[in-house]
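So the structure is just underneath, and the comments pick up after that.
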Amino acid sequence: MTEAPESLNFIEQIIEDDLKNELSTEQLRFRFPPEPNGYLHIGHAASICLNFGLGQKYNAPVNLRFDDTNPDKEEQEYVDAIKNDIEWLGFKWDTECYSSDYFQQLYDWAIALIKNDKAYADGQSSETIAEQKGTPTTPGVASPHRNQSVEENLEIFEKMKNGEFEAGRYVLRAKIDMASPNMLMRDPLLYRIINRAHHRTGSDWCIYPMYDWAHGESDYIEQVSHSLCTLEFKSHRELYDWFLDQIIDPEKLRPKQREFARRNLSYTVMSKRKLLELVQSKTVTDWDDPRMPTISGLRRRGYTPASIRKFSDLSGISKRDSVTDVSLLEFCIREDLNKTATRVMGVLDPVKLIITNYPEGKVEMLTAENNPEAENAGTHEIPFSRELYIEREDFKEEAGNKFFRLTIGNEVRLKSAYIIKGESVVQDTAGNITEIRCTCDLESRSGSGTEASTRKVKGTLHWVSVQHAIKAEVREYDRLFLDEAPDSHEDKDFMEFINPDSLKIIKTAYVEPFLQEAKLGDKFQFQRLGYFTLDKDTSADHLVFNKTVGLKDSWAKQKPEPAKQQSHPQNNQAQGQRSAINEIQKISKKYTNLSGAKLEAARADIAKLAENVSYEELEPLFNTAAKKVGTRIGVMISLGVLLKNGLERNAAIDAFIAAGLEDGNELLVAEAKGM
RNA sequence: UGCCCGAUGGUGUAACUGGCAACACGUCUGGUUUUGGUCCAGAAGAGUCUAGGUUCGAGCCCUAGUCGGGCAACCA
């Protein structure tokens with residue numbers, strides 16, 4: 001099983017390397033360190049799956065540590081939500097920790113720093129301190145407090161802790177290097193005064209440690225071996241290490257910070273600030289709005305933990321910024337739900353269908369498979385009668401033979417029921433179809449085993465019986481933004497790209513009676529439509545379904561009508577309008593792989609295309625690298641055509657031909673000789 | 001202007017650490033199918049940002065450049 005050389009991501013590489021050197025497997029420990037100031041989103045899922053996945057892979061503990069050092073922003077509500085989301089994703093943490101648990105230890109270490117003349121209290125305003133920091137290209141200047149005596153620093157810090165100052169009066173700073181090229185090393189803040197109750201420590205403290213001071217030391221206290229964070233913390237690593245140097249006991253494990261790229265998803269935003277803006281501006285209903293990329297939003301939308309884990313797995317881990325296409329997420333949820341969701345029928349845009357030769361008043365209970373993908377999923381019954389609802393879109397009076405659905409005079413199958421044939425329509429005064437009349441082949445009932453029942457017909461429709469149907473509300477969602485990367489535009493605010501049609505509410509859809517029993521969290525496939533889940537807004541007499549994702553629909557692509565925004569319009573265009581010179585380059589690339597007739601054909605194609613190429617287009621390609629022989633040959637052939645058509649020789653041309661004659665490739669030499 | 005990252009098909013990642021650029025999604029074609037789904041078979045699409053260099057051999061190593069990202073919160 002371990003036969004195939006499994007490929008490791010760069011984090012796993014680092015761990016493997018450490019394991020080969022000084023570290024033992026037992027020492028491995030990870031942590032997921034959220035700040036409880038917002039809800040978790042799909043980007044966090046990457047970090048969660050990475051850390052907890054590593055824990056599972058190496059059988060190592062993973063702590064859940066709340067980075068709660070700023071009582072201005074953090075709340076218990078978020079702590080609870082975060083824990084809930086992680087558990088829902090299917091992960092178990094070893095110890096639930098809080099940075100605030102270490103406030104005393106952090107304070108004691110700060111005292112030690114002061115005593116070692118490595119920290120000082122600064123009484124300047126935040127503006128002054130910022131000014132003194134300098135800029136990335138100019139060094140900072142020292143604070144006048146930088147060389148205060150240890151005693152004075154100790155005294156001020158003591159008073160800070162005792163609440164003798166108003167907020168902002170003093171800060172404690174590390175004494176490092178005001179000229180460092182790394183701005184973070186220019187005497188960073190360790191503590192600030194915040195007169196506000198903390199969600200866990202209450203009013204015990206009025207000084208709170210900054211992230212950099214708290215984070216690495218918390219890792220050290222917990223003996224975390226690998227502290228993994230996102231790339232924007234890369235430059236914090238130097239400070240992380242400096243702080244560790246000040247307090248480390250060489251007998252103990254030294255945590256290592258490593259950084260990976262955060263994950264972006266197309267057509268959405270991922271920062272907590274922006275998600276909060278969506279909530280506060282009422283663009284969405286709440287953090288768990290099914291359009292939100294939050295874990296809670298995805299859950300409500302109908303995503304499963306397995307699908308999100310799979311998505312993280314497939315997305316991989318790296319150090320370059322990227323935007324993963326939502327289509328991958330959608331693939332993951334379809335794949336999971338296809339195997340597990342119960343098949344049912346529901347009609348979202350109903351039109352009445354009357355089966356004229358089916359007895360009035362008769363009701364048959366038909367049998368429907370719960371899931372053709374799962375052997376033992378069983379069946380359930382569906383009532384069938386003379387009057388049904390079908391999808392308005394599934395009928396056209398007349399259509400071409402690419403239309404597999406119901407038309408006048410054509411036969412289709414009603415899923416799990418009979419084969420019917422369209423006969424006529426009833427219209428209202430405005431010409432809208434109010435009723436479709438059809439006849440049914442009474443011998444063709446599904447599963448009856450008759451010859452008629454196994455007849456092949458081109459299409460199959462879903463339906464519900466009018467008198468048995470249950471009304472339900474259905475909510476369909478589309479991407480929240482119209483732009484692939486809404487927050488990547490310098491000149492435009494992400495809110496400008498909001499998709500006005502991201503929510504479509506269908507007040508009265510009709511679903512089969514089986515769904516009366518649906519429970520919160522149940523997953524269904526409404527056949528031919530997509531995957532749906534019951535929403536929490538459901539009440540006893542009012543079912544509400546969220547559409548998780550539609551089925552893949554290759555029919556929708558056939559229809560020219562929906563001018564839906566294409567994912568990569570500019571690229572498609574570029575490919576569509578490939579110029580002759582580009583075409584030549586493309587053919588040339590693989591020229592040296594060809595032989596015989598294919599080679600001849602390629603040469604002829606290039607020569608033909610060259611008729612439409614100007615010298616101005618061709619000349620830059622004379623510089624093509626020697627190793628790209630194919631391209632040079634293509635250029636040589638094209639040049640031959642241009643010369644034949646009367647192009648005058650010049651120095652650049654002569655040099656290119658001469659270089660061709662010198663080349664090691666026979667084909668190129670032959671072309672050059674022919675000049 | 002300084003420092004630090006990064007660059008491989010449309011997208012996201014691989015390439016056993018210098019040896020025929022692979023996988024997944026997406027796209028297209030055909031087959032199966034009582035879901036225009038699933039499943040099956042196949043195809044197209046990348047000389048690995050550019051230019052040099054080292055090497056028998058470079059996506060990988062070296063040099064220079066280009067482009068993209070990050071860094072000057074009493075946020076994390």
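Every chain is numbered from 1, with letters handed out A, B, ... down the list of sequences.
Comparing Lys272(A) and Lys458(A) along RNA chain B, the residue whose closest nucleotide (by nearest heavy atom) sits nearer the 5' end is Lys458(A).
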Show me the donor-acceptor pairs, under 3.5 Å and distance only, between side chains in residues 120-127 of chain A and residues at least two apart or in other chains.
| unit_1 | atom_1 | unit_2 | atom_2 | d |
| --- | --- | --- | --- | --- |
| Tyr120(A) | OH | Asp187(A) | OD2 | 2.6 |
| Asp122(A) | OD1 | Gln124(A) | N | 3.1 |
| Asp122(A) | OD1 | Gln124(A) | NE2 | 3.2 |
| Asp122(A) | OD1 | Ser143(A) | OG | 3.4 |
| Asp122(A) | OD2 | Gln124(A) | NE2 | 3.1 |
| Asp122(A) | OD2 | Ser143(A) | OG | 2.9 |
| Asp122(A) | OD2 | Arg173(A) | NE | 3.3 |
| Asp122(A) | OD2 | Arg173(A) | NH2 | 3.1 |
| Gln124(A) | OE1 | Gln132(A) | NE2 | 2.7 |
| Gln124(A) | NE2 | Gln132(A) | OE1 | 2.9 |
| Gln124(A) | NE2 | Ser143(A) | OG | 3.0 |
| Ser125(A) | OG | Glu127(A) | OE1 | 3.3 |
| Ser125(A) | OG | Thr128(A) | N | 3.1 |
| Ser125(A) | OG | Thr128(A) | OG1 | 2.7 |

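Between rA43(B) and rA22(B), the two P atoms lie 13 Å apart (nearest whole Å). Spacing between rA7(B) and rU50(B) at atom C1', rounded to whole Å, works out to 12 Å. Across rC20(B) and rC25(B), the matching C1' atoms stand 25 Å from one another, rounded to whole Å. Rounded to whole Å, the separation between the P atoms of rC5(B) and rC75(B) comes to 28 Å.
Considering only side-chain N and O atoms, Thr138(A) lies nowhere under 4.0 angstrom from the phosphate OP1 or OP2 of rU1(B). In this model, the phosphate group of rU13(B) is approached by a side-chain N or O of Arg263(A) to a distance below 4.0 Å at OP1 or OP2. The side chain of Ser126(A) contributes no N or O atom lying less than 4.0 Å from OP1 or OP2 of rA73(B).
Taken residue by residue, residues 178-194 of chain A places heavy atoms nearer than 4.0 Å to RNA chain B at Pro181(A), Met183(A), Leu189(A), Arg192(A).
Residue Phe404(A) and nucleotide rG36(B) are classified as a stacked aromatic pair, their ring centres being separated by less than 5.5 Å at an interplanar angle below 30°. With centroids closer than 5.5 Å and planes inclined by less than 30 degrees as the test, Tyr211(A) and the base of rA76(B) fail to qualify as a stacked pair.
With no hydrogens or angles considered, a side-chain donor-acceptor pair links Glu35(A) and Asn37(A) at under 3.5 Å. Donor-acceptor pairing under 3.5 Å is recorded for the side chains of His380(A) and Glu512(A). A donor-acceptor pair shorter than 3.5 Å cannot be found between the side chains of Gln257(A) and Tyr240(A). Under 3.5 Å, the side chains of Ser444(A) and Arg455(A) contain no donor-acceptor pair of N or O atoms.
Here Tyr208(A) lies out of heavy-atom contact (under 4.0 Å) with every strand. Counting non-hydrogen atoms under 4.0 angstrom, Thr135(A) reaches a base of the nucleic acid. Among the heavy atoms of the strands lying under 4.0 Å from Gln13(A) is at least one base atom, whether or not backbone atoms are also near.
Every residue was checked against the salt bridge (charged side-chain N to carboxylate O under 4.0 Å, His left out) condition with Glu131(A), not counting sequence neighbours, and none meets it.
Between Phe384(A) and Tyr418(A), the ring centre distance stays below 6.0 Å. Aromatic ring centres of His215(A) and Tyr211(A) lie closer together than 6.0 Å.
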Assess whether salt bridge (Lys or Arg N to Asp or Glu O under 4.0 Å) is satisfied between Glu364(A) and Arg445(A), documenting all intermediate values.
CA-CA 11 Å; Glu364(A) 265 184 290; Arg445(A) 201 185 78 223; 3.6 Å; yes
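Each of Tyr191(A), Phe157(A), Phe165(A) was compared with Tyr170(A) under the ring pair (Phe, Tyr, Trp, His ring centres under 6.0 Å) criterion, and only Phe165(A) meets it.
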Watson-Crick and G-U pairing of RNA chain B written in dot-bracket, each distance under 3.5 angstrom, with | for inter-strand partners
.((((((..((((.....[..)))).(((((.......))))).....(((((..]....))))))))))).....
Between the protein and nucleotides 29-35 of chain B, list the N/O to N/O atom pairs that are separated by less than 3.5 angstrom.
| unit_1 | atom_1 | unit_2 | atom_2 | d |
| --- | --- | --- | --- | --- |
| rU34(B) | OP2 | Lys456(A) | NZ | 3.2 |
| rU34(B) | O2' | Lys415(A) | NZ | 3.1 |
| rU34(B) | O2 | Ser416(A) | N | 3.1 |
| rU34(B) | N3 | Ser446(A) | OG | 2.1 |
| rU34(B) | O4 | Arg413(A) | NH1 | 3.2 |
| rU34(B) | O4 | Ser446(A) | N | 3.3 |
| rU34(B) | O4 | Ser446(A) | OG | 2.1 |
| rU34(B) | O4 | Gly447(A) | N | 3.4 |
| rU35(B) | O2 | Gln525(A) | OE1 | 2.9 |
| rU35(B) | O2 | Arg528(A) | N | 2.9 |
| rU35(B) | N3 | Gln525(A) | OE1 | 2.5 |
| rU35(B) | O4 | Arg343(A) | NH1 | 2.2 |

For nucleotides 66-68 of chain B, tabulate all protein N/O to nucleotide N/O atom pairs closer than 3.5 Å, reporting atom names and distance.
none

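Of the charged side-chain nitrogens involved, at least one lies within less than 4.0 Å of a carboxylate oxygen, so that Asp72(A) and Arg196(A) count as a salt-bridged pair.
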